[in-house]
Amino acid sequence: MALLFAFFLIGRQGIAGSLHKEEVSSTTSPMVVSALASSFDYYATALDRWLYEASNPVISSVVRGDVRPYEHVVLRGTIAQFEFTATRNGVIDTRVYNAMSGWDFDSHVAPNLVPPQSGVEAFFRGDPVITRAVLVPDATIQVQPVEGEPKPDSHQADAELKAVQTIERDIRADRERGVELSGGTIRAVVSQPMCTSCEAAVQALADRYDVDIFVIYLHHTNTAEIDVLRQARKEYMKSLWNELRLRRIAAGTSTEDQNPPPTGEVGDDEVFATCPVPANLRQRAMWATTASAAAAGP
């Protein structure tokens, strides 16, 4: 993501403890979409693994409704990727924080699913550089009330808040271990403009920890970029449900009557467009088409 922000930083002089925001441009578009797709895939891969384990003991009983609680996050949740670079004990170090809005997989478990005992964290890819952004109970930066907000609690699980709280947790942990931290810079991409509450949280991180933060975000006018991500989300949801259908069929349970395939906003008949996203998302889309044909039978 460094190349992406090389364009963003041209003509700007960062001031430690400041927040800079900019809408995606034609120059930065491919790299922004790629970074957001990478963050989404990090979440989607973990959800794949978790749902497989949660449904495996009762696969013959799993119905379409058991998957629906995850559709809203998959299809509409905010995606973010924060890259934090700082000098730790004299060595330049970069950590990547992938964030997705919404609650953990096991927060609202459908009746026909059995949550794995290992917990949600075990299903995310272990990596010394890439970290899952989560809500941190003892974080000093909390959600900010938004004046006039009809649902005051609606921003408590926002992607940007998770990233801010996780980065703060790691900064505090470094300090407690005696790590000398300096020169902090955060480069972030977000799938939509930050709400007032999230922007306040990001600004608080910049102010309290003397970190310079640069955010590039998608705006509703960025229709091409939004369409690429929307299609990737739809194809992922199709493949996830088709996998469950195939496993039900393999278990000797027909799904055709009780469990119709996704319809409406999931976009069964739409074609996955060529786009600058990781190959595994494109493979996921192609697999969804194959799985649909197999489930339908000859």
Side-chain angles (χ1 to χ4, degrees), residues 1-22 28 31-32 34-36 38-43 45-46 79-100 104 119-144 158-190 194 198-217 278:
M1 198 156 59
L3 180 60
L4 163 63
F5 283 87
F7 293 107
F8 184 38
L9 297 176
I10 292 175
R12 295 173 174 80
Q13 183 175 0
I15 301 173
S18 60
L19 169 61
H20 312 266
K21 302 179 299 175
E22 185 167 300
T28 59
M31 289 171 282
V32 167
S34 182
L36 290 174
S38 173
S39 185
F40 174 78
D41 194 71
Y42 180 81
Y43 171 90
T45 300
I79 311 168
Q81 187 175 87
F82 280 54
E83 184 183 277
F84 180 30
T85 299
T87 301
R88 295 178 172 85
N89 289 337
V91 178
I92 297 177
D93 178 66
T94 297
R95 300 172 185 174
V96 176
Y97 297 80
N98 288 325
M100 192 85 178
D104 272 343
V120 170
E121 190 64 38
F123 294 88
F124 283 86
R125 184 172 68 250
D127 192 292
V129 174
I130 300 175
T131 299
R132 178 173 79 110
V134 297
L135 296 174
V136 180
D138 63 345
T140 67
I141 301 174
Q142 295 291 338
V143 64
Q144 303 295 316
D158 282 1
E160 301 95 317
L161 180 65
K162 291 180 179 180
V164 164
Q165 290 190 348
T166 308
I167 292 172
E168 183 195 33
R169 178 199 66 190
D170 289 353
I171 291 175
R172 292 168 66 186
D174 282 343
R175 290 180 174 178
E176 290 173 3
R177 291 194 300 266
V179 175
E180 293 185 12
L181 193 67
S182 63
T185 301
I186 292 174
R187 304 171 178 87
V189 292
V190 186
M194 292 186 291
C198 286
E199 185 169 336
V202 174
Q203 184 66 64
L205 181 67
D207 293 340
R208 295 184 193 181
Y209 297 97
D210 203 27
V211 177
D212 200 18
I213 303 178
F214 300 87
V215 179
I216 296 182
Y217 59 90

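Nothing fancy with the numbering, it's 1 onward along the sequence.
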Looking at [Y], is its backbone amide N or carbonyl O close enough to the side chain of [X] to form a donor-acceptor pair, meaning the two atoms are under 3.5 Å apart?
| X | Y | result |
| --- | --- | --- |
| Ser38 | Ser34 | no |
| Gln165 | Val136 | yes |
| Ser39 | Ala80 | yes |
| Glu168 | Thr140 | yes |

Least distance between heavy atoms, Cys198 atom then Glu160 atom: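 Answer, listing the atom of Cys198 first, then Glu160: SG-OE1, 3.5 Å.
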
Nearest heavy atoms of Tyr42 and Arg132, plus distance in Å: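 For Tyr42 versus Arg132, the nearest heavy atoms are OH-N, 3.4 Å.
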
Quick one: pull up [atom1] in [X] and [atom2] in [Y] and give me the separation to the nearest 0.5 Å.
| X | Y | atom1 | atom2 | answer |
| --- | --- | --- | --- | --- |
| Phe214 | Glu83 | CZ | CD | 12.5 Å |
| Leu135 | Thr166 | CG | OG1 | 7.5 Å |
| Asp174 | Arg169 | CG | CZ | 10.5 Å |
| Leu205 | Ile141 | CG | CD1 | 4.5 Å |
| His20 | Ile216 | NE2 | CD1 | 12.0 Å |

Short side-chain donor-acceptor distance under 3.5 Å, Asp212 and Thr185: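 Per modelled atom types, Thr185 and Asp212 side chains form no pair under 3.5 Å.
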
Asn89 versus Glu180, side-chain donor and acceptor atoms under 3.5 Å: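 No, because no side-chain N or O of Glu180 sits under 3.5 Å from a partner of the opposite role on Asn89.
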
Let me check something: any side-chain donor-acceptor pairs from residues 122-131 under 3.5 Å, sequence neighbours excluded? List them with distances.
{"from": "Asp127", "atom 1": "OD1", "to": "Val129", "atom 2": "N", "distance (Å)": "2.7"}
{"from": "Asp127", "atom 1": "OD1", "to": "Ile130", "atom 2": "N", "distance (Å)": "3.0"}

Side-chain heavy-atom pair Gln81, Asn98 within 4.5 angstrom cut-off: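 With C-beta onward as the side chain, the pair touches.
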
